[in-house]
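Before any comments, here is the structure.
In the text below, chain A, chain B and the rest are named by the order of the sequence lines, each starting its count at 1.
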Amino acid sequence: MIHVYRRKIGDLWCAVAVEDEKVWTTTFATSEKECMQQVLENVPYNNPFQSEEKPSPLAEKIFDTLQSFLAGGSISWDFRFEWSHLSKYAQKVLECLTNVPVGYVTSYKALAETAGGGPRAVGQVMASNPFAPLVPCHRVIKADFSIGGFGGGKGSVKLKRKLLQREDKGFEKPSQVKTECGMLKVFPVKFLRKD
DNA sequence: TGCAAACCATAAC
DNA sequence: GTTATGGTTTGCA
């Protein structure tokens, strides 16, 4: 049985779906309705699930993590994602992405160069990212440093920008990080085009 | 700038 | 097997 929980953290709604010690999906949105809708989309359709008020210890831990993340902190990865049902390629892209630090962004292109495939394929993976925002899909932008798209409704691109600006650590120069697939280029949040 | 064509993994037929 | 579809990129006017 999969259990779904929700909570309002700051000005955002967050929700998680967990089963035993595994995390199926996490998500966030500006409204409770959107948020719940997104979680349900990521739970395999014929799996039984139930929605509950009182968080399990694991859910509690994830909410704590989300809270510190939304306050601008980094994430501790001491829980297990259930992503074995995702394609090999998707797993690879998501794994690479987890290495992008707070205060930096990367591009669809750079991610494609490291994880394989093409920029649009990377976009596909982002669009169906089951672990937002823990797997930081909001830190992926277009190669020209414009903001790019973002899942989940209308004002969501604005939300993406807001999240990134909240994460800005004042870094000045591009860098690269090590991933299981090789080096990945990352850029300071500052590089982002204002528009 | 703005538009068309190439790009690559998936989902739907 | 084939076609359509993106959170894209590039080239060329």
Side-chain angles (χ1 to χ4, degrees), chain A residues 12-15 17 24-31 33-47 66 69-70 75 81-168 174 176-177 179-195:
Chain A
L12 291 178
W13 279 93
C14 301
W24 274 95
T25 182
T26 66
T27 190
F28 69 104
T30 46
S31 77
K33 190 177 155 196
E34 268 183 273
C35 193
M36 289 310 282
Q37 201 171 315
Q38 288 174 38
V39 192
L40 298 187
E41 278 172 11
N42 283 318
V43 175
Y45 194 62
N46 43 5
N47 276 47
L66 284 169
F69 166 80
L70 291 174
I75 292 171
F81 286 136
E82 174 56 49
W83 61 11
S84 55
H85 59 293
L86 299 178
S87 73
K88 193 78 191 168
Y89 178 69
Q91 292 179 34
K92 209 167 169 182
V93 173
L94 293 178
E95 196 281 331
C96 279
L97 186 53
T98 60
N99 292 286
V100 179
V102 181
Y104 284 101
V105 297
T106 187
S107 70
Y108 298 98
K109 182 178 158 188
L111 202 45
E113 283 169 353
T114 304
R120 303 199 68 170
V122 170
Q124 287 289 5
V125 177
M126 295 306 107
S128 58
N129 173 27
F131 306 110
L134 298 183
V135 173
C137 56
H138 59 286
R139 294 189 194 136
V140 187
I141 63 174
K142 287 207 197 182
D144 63 358
F145 297 109
S146 59
I147 193 83
F150 201 53
K154 214 164 142 226
S156 52
V157 172
K158 254 180 154 168
L159 179 57
K160 179 175 180 179
R161 184 180 294 278
K162 195 164 144 193
L163 281 179
L164 288 176
Q165 280 168 352
R166 194 183 295 178
E167 289 181 5
D168 190 4
Q176 36 181 35
V177 294
T179 78
E180 285 187 7
C181 319
M183 300 304 280
L184 173 65
K185 286 187 218 161
V186 297
F187 310 92
V189 169
K190 211 174 202 179
F191 276 31
L192 207 111
R193 276 177 36 187
K194 306 272 180 199
D195 287 35

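- Between A:Glu113 atom CD and C:dT9 atom C1' there is a gap of 11 Å when expressed in whole angstrom units.
- For C:dT10, one of the phosphate oxygens OP1 or OP2 lies less than 4.0 angstrom from a side-chain nitrogen or oxygen of A:Lys109.
- Computed from coordinates, the A:Glu41 CD to B:dA11 C1' distance equals 15 Å when rounded to whole Å.
- One interatomic measurement links the two molecules: CD of A:Gln124 to P of C:dA4, which rounds to 16 Å at whole-angstrom precision.
- The A:Lys142 side chain lies nearest to C:dT9 when the options are C:dG7, B:dT10, C:dT9.
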In a table with atom names and distances, give each donor-acceptor pair under 3.5 Å that connects a side chain of residues 144-152 of chain A to protein atoms at least two apart or in another chain.
unit_1   : atom_1 : unit_2   : atom_2 : d
A:Asp144 : OD1    : A:Ser146 : N      : 3.0
A:Asp144 : OD1    : A:Ser146 : OG     : 2.7

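- Rounded to whole Å, the distance from CG on A:Asn129 to P on C:dG6 is 19 Å.
- Following rounding to the nearest Å, A:Met126 (CE) and B:dT10 (P) show an atom-to-atom distance of 12 Å.
- When each of B:dT10, B:dA6, C:dG7 is scored by its nearest atom to the side-chain atoms of A:Arg120, the top-ranked nucleotide is B:dA6.
- Among the candidates A:Thr98, A:Asn99, A:Val100, A:Leu111, the single residue satisfying the side-chain contact (heavy atoms from CB on, under 4.5 Å) test with A:Thr179 is A:Asn99.
- If you measure from atom CG of A:Asp144 to atom P of C:dG7, you get 17 Å, rounded to the nearest angstrom.
- If you check every strand for non-hydrogen atoms under 4.0 Å, A:Tyr89 touches sugar and phosphate atoms only.
- Scanning both residues, A:Pro119 and A:Ala112, for their nearest heavy atoms gives N-CB, 3.7 Å.
- A:Gly149 comes within contact range of at least one nucleobase, with a heavy-atom separation under 4.0 Å.
- Counting any heavy atom pair closer than 4.0 Å across all strands shown, A:Gly117 reaches sugar-phosphate atoms only and no base atom.
- With a cut-off of 3.5 Å on both pairing distances, C:dG7 has no Watson-Crick or G-U wobble partner at all.
- In this structure, A:Tyr108 atom OH and C:dT10 atom C1' are separated by 17 Å, rounded to whole Å.
- If you check C:dT10, C:dG7, B:dC7 against the side chain of A:Lys160, the one that comes closest is C:dG7.
- To the nearest 0.5 Å, atoms CZ (A:Phe191) and CD1 (A:Ile141) are separated by 10.0 Å.
- The residue A:Val122 sits apart from the nucleic acid: no heavy atom pair falls under 4.0 Å.
- Each of A:Leu97, A:Thr106, A:Leu164, A:Val102 was checked for a side-chain contact (heavy atoms from CB on, under 4.5 Å) with A:Pro136, and the lone residue meeting it is A:Leu97.
- We find that CD of A:Gln91 is positioned 14 Å from C1' of B:dA9, with the value rounded to whole Å.
- Base contact: A:Ala127 has a heavy atom under 4.0 Å from a base atom.
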